[in-house]
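This structure is a prediction, so every number in the text was calculated from the model and none was measured.
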There are 2 protein chains.
Amino acid sequence: METRELRYFVAVAEELHFGRAAERLGIAQPPLSRAIRQLERRLGTELLERTSRSVRLTEAGTVLLREGRAALYAVEAAERRTRRASADGPGVALAAKAGASGEVLAKLLDAYAALPDAVTVDVILCGVGQQERLLRDGRADVALLHKPFDATSGLDYEELSTEGQVLVLPAGHSLTGRSHVDLAEASALPGLPLPRWPAIDGSCPDGPGPQVRDHAQLFQLIALGRAAAVLPASCESQLRDDLMAIPVPDAPKVTTVIAWPPQSRSAAVAALVRTATAL
Amino acid sequence: METRELRYFVAVAEELHFGRAAERLGIAQPPLSRAIRQLERRLGTELLERTSRSVRLTEAGTVLLREGRAALYAVEAAERRTRRASADGPGVALAAKAGASGEVLAKLLDAYAALPDAVTVDVILCGVGQQERLLRDGRADVALLHKPFDATSGLDYEELSTEGQVLVLPAGHSLTGRSHVDLAEASALPGLPLPRWPAIDGSCPDGPGPQVRDHAQLFQLIALGRAAAVLPASCESQLRDDLMAIPVPDAPKVTTVIAWPPQSRSAAVAALVRTATAL
DNA sequence: ACGATCGATACCCGCCCGGTATCGCCGCCC
DNA sequence: GGGCGGCGATACCGGGCGGGTATCGATCGT
């Protein structure tokens, strides 16, 4: 199976419409029809049920969509990592959420840079939940993420540290002085809804809270008195003067992990991981 | 990048010889040379350093070999799983080491079959360390394996149970009656070397012990007085009359896990995993 | 110095990818 | 209900590229 065939199939399977898929692929519709038909013949199975009015996935088609997407990602990652290896020379790209993991990240970069055979580390600060994507498509080689919020599915990882969570509020809020808040109370503060983070695919769950993409946006909103948030305790050291934090003991514990795609155990990534776990 | 180009490059990178690689691929040498050159031009980087007497991988080439192999596996898996989905209808393939996990496997199959929407489970009994391969290339959808012996790199998994290990000896051995043995002692029994298991790539570490591929071979050798082995305690229930087992308290604990490739979270696999963790 | 080895180059052929034109089917709407 | 519009399939054509054979050029061993 060629990646061209896979790309074509995935496009049709996603659009469920040959015309639109062809447009997206930048080719005409007839060659696309033919390519899909050839793919079906070669696999010896029907992938799409088509009437002249609708296109639907068969059982086998559903499997190929899922597996084919993963395979295309792998090919894309191979190409991108090869390009990076030749362009940037030896060096690794590390992805982390903008505004999070600040302390760990700084210590890690320092400790790693002190090693005798350290290579340059490009830090990619990305939006919440984007690290997995960056690792899978080859733009990053290693990432810092937080269980259980960030998906680790398909990644190898080592745990670095575990911490509780705190409620972040505008300074001067009426809860000032409380030694702790429980999660139910934090979730139902009058006038201060919890924000909604975008999911991996860019969509946002429905709800009352404002949508935020990174921590800068979030802190801004909290300072304006438009939201509150429950965040890992380590964020407290980076809080602006106009914000305050109260522990939420019954919130789930958050574990910072360093993760990498399973086959990318390059020497540099391995050294970085070793350094991180030794911190 | 097309899978054909990747296959060509991987062949050359493995053989480090255009002629042999071409033969392996079933094509002539000149088109292969040209294909690699085109790939290099498109990636904008040199992948191989060639003199007329030798071929060596560049840094970028090393990366592409590693990543390209993984990508080819993913494509192969996509194709194979699609074929299986259409041929066998709904159903999952479960891989387990022949002779191991017997008890867990039986209970799991029973419990799963009792579910209302259970599909057929094909059990693939394979050699030691082969499960990862089967999962990665699409011949299996889910597997039982043992940490820390079997690699879980790149797989998602849930832990099922943990157990100690025992030393398995021919019945009547002079250690008969001992309540326990420590690992150092078990590793240096006069005349009874520990066997060597093949690695994932088929190679076997050097050493004095006999090579074995599965538990049947191993038990035979032990019964003949040619080897001893340190194995998970649950094997004791399956021992033949001519074998006996002694606990080895200081041997590493073994954890049985159920593992699956990250993107293959089909309904059937999910149900199987849920059943297994609930046992 | 000569031959053997091995990758690169030159050149040719045939297949397959991609394009345009058109058909056939089916739902929709006046 | 008949015409129309949307959509996938088919027919046919041209060009590019993948694959083959013949040969060259460099390099190492004898």
How would you list, by chain and number, every residue that makes a side-chain hydrogen bond (donor to acceptor under 3.5 Å, both in side chains) with Q38(B), sequence neighbours excluded?
none
Using the test side-chain hydrogen bond (donor to acceptor under 3.5 Å, both in side chains), find all partners of S33(A) that sit at least two apart in sequence or belong to another chain.
Q29(A)
From the list L135(A), V92(A), V273(A), L272(A), side chain to side chain contact (heavy atoms under 4.5 Å, CB included) with W260(A) holds only for V273(A)
I'd like to know if the side chain of R56(A) and the backbone of S54(A) have a donor-acceptor N/O pair within less than 3.5 Å.
no
Partner set under salt bridge (Lys or Arg N to Asp or Glu O under 4.0 Å) for [X], not counting sequence neighbours:
{"X": "E158(B)", "answer": "none"}
{"X": "R66(A)", "answer": "none"}
{"X": "D137(B)", "answer": "R80(B), R133(B), R139(B)"}
{"X": "R83(A)", "answer": "E79(A)"}

What's the CD-P distance between E2(A) and dG18(D), to the nearest Å?
10 Å
Across nucleotides 22-30 of chain D, 5' to 3', mark each nucleotide with B, S or - according to how protein heavy atoms within less than 4.0 Å reach it.
B---BBS--
More than 12 heavy atoms from other groups under 6.0 Å of CZ on R24(B):
yes
Give me the distances for all protein-to-nucleotides 14-17 of chain D N/O pairs that come in under 3.5 Å?
none

Listed in order of residue number, which residues of residues 14-28 of chain B have a non-hydrogen atom at under 4.0 Å from DNA chain C?
H17(B), F18(B), G19(B)
Among residues 40-50 of chain A, which ones have heavy-atom contacts with DNA chain D below 4.0 Å?
R50(A)
Results of ring-ring contact (aromatic ring centres under 6.0 Å, His included) for H146(B) - residues two or more places apart only:
none
Per-pair distances, 0.1 Å, donor-acceptor, side chain in residues 112-125 of chain B, under 3.5 Å, sequence neighbours excluded:
| residue | atom | partner | partner atom | Å |
| --- | --- | --- | --- | --- |
| Y112(B) | OH | V119(B) | N | 3.1 |

